[in-house]
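What you see is a predicted model, and the numbers here were worked out from it, not measured in a lab. Chain identifiers are assigned alphabetically (A, B, ...) following the order of the sequence lines, protein sequences preceding nucleic acid strands; residue numbering begins at 1 within each chain.
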There are 2 protein chains.
Amino acid sequence: MRLTTKGRYAVTAMLDLAIHAGEGPVSLADISERQGISLSYLEQLFAKLRRNELVRSVRGPGGGYQLNREQRDIDVAQVIDAVNESVDATGCGHSGGCQDGNTCLTHHLWCDLSSQIHDFLSQISLADLMTRKDVKTVAERQDREQLASFEDSLISAKVTA
Amino acid sequence: MRLTTKGRYAVTAMLDLAIHAGEGPVSLADISERQGISLSYLEQLFAKLRRNELVRSVRGPGGGYQLNREQRDIDVAQVIDAVNESVDATGCGHSGGCQDGNTCLTHHLWCDLSSQIHDFLSQISLADLMTRKDVKTVAERQDREQLASFEDSLISAKVTA
DNA sequence: TAAAGCCTGACTGAATTAGTTGGTTAAATA
DNA sequence: TATTTAACCAACTAATTCAGTCAGGCTTTA
């Protein structure tokens, strides 16, 4: 099982996309600012998300990314799979060749755990996450912060002008 | 959440210990041979397991390790915690300071997942694992292999003598 | 007293993460 | 049409972790 910031970043970014879906394509620069993830790292993640057809892109000014399906048809497991290539606790890729060709003593335990985790994450869609109170609260805070820093940049632009 | 060969090795070794509990202390050399884990790596893992009071050691010739509790009182989560220091999917250690001091958008999701995994693993004891058919099958194979390689070494000792 | 075991710490190669740098291409707008 | 915006792409890198080795201890008991 591989669950690092990589997968967390991907899910966070996808949720940000879902939250701001009503405002047209969302640029990676916006996501970067709101979620505190480096722009170029986001580019790498979205390349994979796009190859897995979870998002579609709109190029040029005013462009950005959009979800490629309904929010309830994208679950967390799909997003993590897309960037991690595999969500697997076995280490032998379920093949059973963990101990020079044979299955190791605990092979089946890790198989069970893998499917447990996968089941859990695949039952949670972006739509589900959006309805959560804690998600709403954090999203509102992030929007406020982004607006504030935008206004700041307007002021400093005026000062330097 | 951190689940790598490290935790898997630890659980495998503990299960080996449980299986061969009837034969007195089990040496790391035996575990190393049966489970295909390097001896010095096992030493590192068992140092942590001992500090966490999951095993006790018997020194001197014929010595080795033994479980420090009943098999049903040692669960998989305890073993993984002992060698990994933490089994946590959040990345902020449940503190909520994931996004420069504030909680990130998906913080609670990872909290939920962490406890899901922990619950699953803490409900499986070494005693539970021992009753599994797949575990028994693999254990028998490993014992046969070890015996075979021991007999081989006897023969080659005779030849060189 | 020596063999067999444990303990410690320092070190290493490989892989992965989390980026950075420096471009290019496509589309909208001025 | 030139410029700007933002996606796209590829190579590189610093830091970390994993998995394991190595060297040299120290303890216990046959």
Side-chain angles (χ1 to χ4, degrees), chain A residues 1-10 12-13 17 20 23-33 35-52 54-66 68 80 83-89 91-93 98-100 104, chain B residues 1-13 17 24-33 35-52 55-66 68 80 83-88 91-92 98-100 104:
Chain A
M1 171 65 184
R2 154 155 303 141
L3 187 49
T4 62
T5 50
K6 198 176 188 178
R8 286 197 291 269
Y9 279 174
T12 302
L17 218 56
H20 298 90
E23 311 153 23
V26 180
S27 75
L28 293 189
D30 276 354
I31 300 180
S32 170
E33 197 183 351
Q35 306 304 333
I37 306 170
S38 101
L39 177 61
S40 14
Y41 198 44
L42 277 175
E43 287 184 349
Q44 290 176 46
L45 298 180
F46 273 78
K48 294 188 176 188
L49 294 171
R50 201 172 62 94
R51 278 198 288 276
N52 282 268
L54 293 173
V55 297
R56 60 171 174 270
S57 63
V58 179
R59 304 182 71 156
Y65 284 94
Q66 290 172 316
N68 200 30
I80 291 177
V83 296
N84 275 351
E85 325 277 271
S86 80
V87 188
D88 180 18
C92 62
C98 349
Q99 192 184 355
D100 34 71
C104 76
Chain B
M1 171 67 184
R2 153 155 304 141
L3 189 50
T4 62
T5 50
K6 198 176 188 176
R8 285 197 291 269
Y9 279 173
V11 175
T12 302
L17 218 55
V26 180
S27 76
L28 294 190
D30 276 354
I31 300 180
S32 170
E33 197 184 349
Q35 306 305 332
I37 307 170
S38 101
L39 177 61
S40 16
Y41 199 43
L42 277 175
E43 288 184 348
Q44 290 176 44
L45 298 180
F46 273 78
K48 293 189 177 189
L49 293 171
R50 202 174 63 94
R51 278 198 287 277
N52 282 267
V55 297
R56 60 172 175 270
S57 61
V58 179
R59 307 182 73 155
Y65 283 96
Q66 290 172 316
N68 200 29
I80 291 177
V83 296
N84 275 352
E85 326 277 90
S86 79
V87 188
D88 181 19
C92 62
C98 350
Q99 193 185 356
D100 34 71
C104 76

TODO: Of all the heavy-atom pairs spanning A/His20 and A/Val26, show the shortest one and how long it is.
DONE: O-CG2, 3.6 Å
TODO: Find the distance A/Lys6:NZ to D/dT17:P and express it as a whole number of Å.
DONE: 17 Å
- [ ] Assign each of B/Gly63 and A/Val58 to its nearest nucleotide of DNA chain C by heavy atoms, then name whichever residue's nucleotide is nearer the 5' end.
- [x] B/Gly63
TODO: For A/Pro61 and for A/Phe46, find the nucleotide of DNA chain D with the closest heavy atom, then tell me which residue's nucleotide is more 5'.
DONE: A/Pro61
Task: Donor/acceptor link under 3.5 angstrom from A/Gln44 side chain onto base of C/dT17 - done: no
Open item on the list: Please determine whether any donor N or O and acceptor N or O are separated by less than 3.5 Å between the side chain of B/Glu43 and the base of C/dC6.
Closed with: no
Open item on the list: Side chain of B/Leu28 only, heavy atoms from C-beta on: which candidate in C/dG19, C/dC6, D/dT21 is closest?
Closed with: C/dC6
Task: Out of D/dC9, C/dC6, D/dA7, whichever nucleotide has its closest atom nearest the side chain of A/Arg50 - done: D/dC9
Task: Intermediate values then yes/no, side chain to side chain contact (heavy atoms under 4.5 Å, CB included), A/Gln35 and A/Tyr9 - done: CA-CA 9 Å; A/Gln35 306 304 333; A/Tyr9 279 174; over 6 Å; no
Open item on the list: How many whole angstroms separate atom CG of A/Leu39 from atom P of D/dC9?
Closed with: 15 Å
TODO: For A/Leu45 and D/dA7, give me the distance from atom CG to atom P, rounded to whole Å.
DONE: 14 Å
TODO: May I ask you to verify if any side-chain N or O of A/Ser40 is less than 4.0 angstrom from the OP1 or OP2 atom of C/dT21?
DONE: no
TODO: Assign the ring pair B/Phe46 / B/Tyr65 to parallel, tilted or perpendicular, where the plane angle (0 to 90°) is split at 30° and 60°.
DONE: tilted
TODO: Verify, without hydrogens or angle tests, whether A/Ser32 (side chain) and A/Ile37 (backbone) share a donor-acceptor contact under 3.5 angstrom.
DONE: yes
TODO: Measure from CD on A/Gln66 to C1' on D/dA6 and round the result to the nearest Å.
DONE: 14 Å
TODO: Take the protein atom CG of A/Leu42 and the nucleotide atom C1' of D/dC8, then report the distance between them rounded to whole Å.
DONE: 14 Å
Open item on the list: On the nucleotide C/dG19, are OP1 or OP2 found under 4.0 Å from the side-chain N or O atoms that A/Tyr9 carries?
Closed with: yes
TODO: Report yes if a side-chain nitrogen or oxygen of A/Tyr41 is closer than 4.0 Å to either non-bridging phosphate oxygen (OP1 or OP2) of C/dT16; otherwise report no.
DONE: no
Task: Contact under 4.0 Å: A/Ser57 side-chain N or O vs D/dC8 OP1/OP2 - done: yes
Task: Separation of A/Glu33 CD from A/Ile31 CD1 (nearest 0.5 Å) - done: 11.5 Å
TODO: Would you tell me if any nitrogen or oxygen in the side chain of B/Arg59 comes within less than 4.0 Å of OP1 or OP2 on C/dC7?
DONE: no
Task: Spacing between B/Lys48 atom NZ and C/dC6 atom C1', to the nearest angstrom - done: 17 Å
Task: Atom pair distance, as rounded to whole Å: CD in B/Gln35 and C1' in D/dG20 - done: 18 Å
Open item on the list: Taking 4.0 Å as the cut-off, does a side-chain nitrogen or oxygen of A/Arg8 come that near to OP1 or OP2 on C/dT17?
Closed with: no
